[in-house]
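Working notes, structure below.
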Amino acid sequence: MSRRNKIYEGKAKVLFEGPEPGTIIQYFKDDATAFNAQKKGTLAGKGVVNNHISEYIFKSLADIGIPTHFIERTSMREQLVKAVEIIPVEVIVRNIAAGSLSSRLGIEEGTLLPNPLIEFCFKSDELGDPLIAEEHILTFGWATPEELEDITHYALRVNDFMSGLFAGIGIKLVDFKLEFGRLYEGEDEMTVLADEISPDGCRLWDMKTGEKLDKDRFRRDLGGEMEAYKEVARRLGILPNADITEFADHQNKGK
Ligand code: TMP
């Protein structure tokens with residue numbers, strides 16, 4: 001681990017230089033944070049489960065023609081991705097009111113939205129990821145009009161795909177967060193899906209029981225986080241037999 005150059009450490013992942021120029025290793029930690037890291041914890045095995053869930057979803061999205069940074073999963077906690085310049089905008093897609101939409105606008109959690117709603121937040125830990133309008137993105141040049149068009153188009157396609165994927169395993173896709181990056185290849189520059197897609201950044205409700213199968217279990221002190229994440233993986237047919245806690249999170253050494 002120490003032989004590699006750490007590029008960046010985020011709340012849930014560490015990025016290392018990859019084996020080839022233009023590649024990066026994403027290492028998935030067991031650390032969990034909420035409310036802009038005011039609440040912190042460790043969920044044993046989360047990194048392993050999220051690495052596999054994200055791999056599954058990114059591969060499936062590539063299969064339907066959505067460009068992503070994903071290359072391959074290289075170990076239980078790591079995946080190789082293309083180095084991209086992250087666009088500093090968090091893209092949230094909502095199908096059902098919950099979380100900050102409900103508290104901000106007084107819309108009861110669980111209210112079905114008449115259409116998928118896209119929201120943008122400025123990616124800034126110091127500012128607490130404030131909600132912004134498309135006009136802010138364009139005015140401050142965080143993305144070009146073409147990039148914004150791609151982002152919106154891909155976000156809706158990801159929503160269509162993931163809504164169907166989760167419906168097929170008895171889960172409602174309430175909302176989720178995406179990040180996009182700029183991939184430079186020679187003269188070309190393209191917008192690709194980046195970061196991760198996992199129960200850390202999605203709201204997933206069991207269709208029959210309404211049980212939360214996502215990071216709201218941690219945010220709201222409901223307990224049973226790993227059982228919920230593993231249940232999502234199990235229904236997707238991922239990691240059926242592995243004892244995920246066997247694969248220690250070395251990034252947590254000494255913490
Ligand atoms: P929100 O209701 O708190 O705005 O969250 C909407 C969705 O976006 C929810 O599925 C959680 C996800 N999300 C993140 O992944 N990272 C964040 O920093 C925030 C605020 C939300």
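Atoms within a ligand are numbered from 1 in the order they appear, just like the ligands themselves.
A salt bridge links R235 and D206; the closest N-O separation between the charged side-chain nitrogens and carboxylate oxygens is under 4.0 Å.
In this structure, K215 does not count as a contact residue of ligand 1, since none of its heavy atoms falls inside 4.0 Å of the ligand. Within the 4.0 Å heavy-atom shell around ligand 1 one finds R94. Judged by the shortest distance from any of its heavy atoms, K11 lies outside the 4.0 Å radius around the atoms of ligand 1.
Only the backbone of C202 comes within 4.0 Å of ligand 1, judged by heavy-atom distances. When heavy-atom distances to ligand 1 are checked against a 4.0 Å cut-off, E90 comes that close only through its side chain, counted from C-beta outward. Contacts of D129 with ligand 1, taken as heavy-atom pairs under 4.0 Å, involve the side chain alone. When heavy-atom distances to ligand 1 are checked against a 4.0 Å cut-off, R219 comes that close only through its side chain, counted from C-beta outward.
For ligand 1, the polar-atom distance check finds no N/O of R104 at less than 3.5 Å from any of the ligand's N/O atoms.
If you check which protein heavy atom lies closest to atom 3 (O) of ligand 1, you get R203 NH2, 3.8 Å.
The residue from D200, N51, D195 that alone fulfils the side-chain hydrogen bond (donor to acceptor under 3.5 Å, both in side chains) condition with K13 is D195.
Listed for the R219 side chain is no donor-acceptor partner under 3.5 Å among the backbone atoms of G99.
When each atom of ligand 1 is checked for a heavy atom of G201 under 4.0 Å away, the hits are 10 (O), 12 (C), 15 (O). Listed by atom number, the atoms of ligand 1 under 4.0 Å from G99 heavy atoms are 2 (O).
Counting protein heavy atoms under 4.0 angstrom from atom 21 (C) of ligand 1 gives zero.
In this pair, F58 and F70 present their aromatic rings tilted. The plane angle is within the 30 to 60° band.
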Show your reasoning for whether side chain to side chain donor-acceptor pair (under 3.5 Å) applies to R94 and S100. CA-CA 11 Å; R94 301 181 186 269; S100 73; 3.1 Å; yes
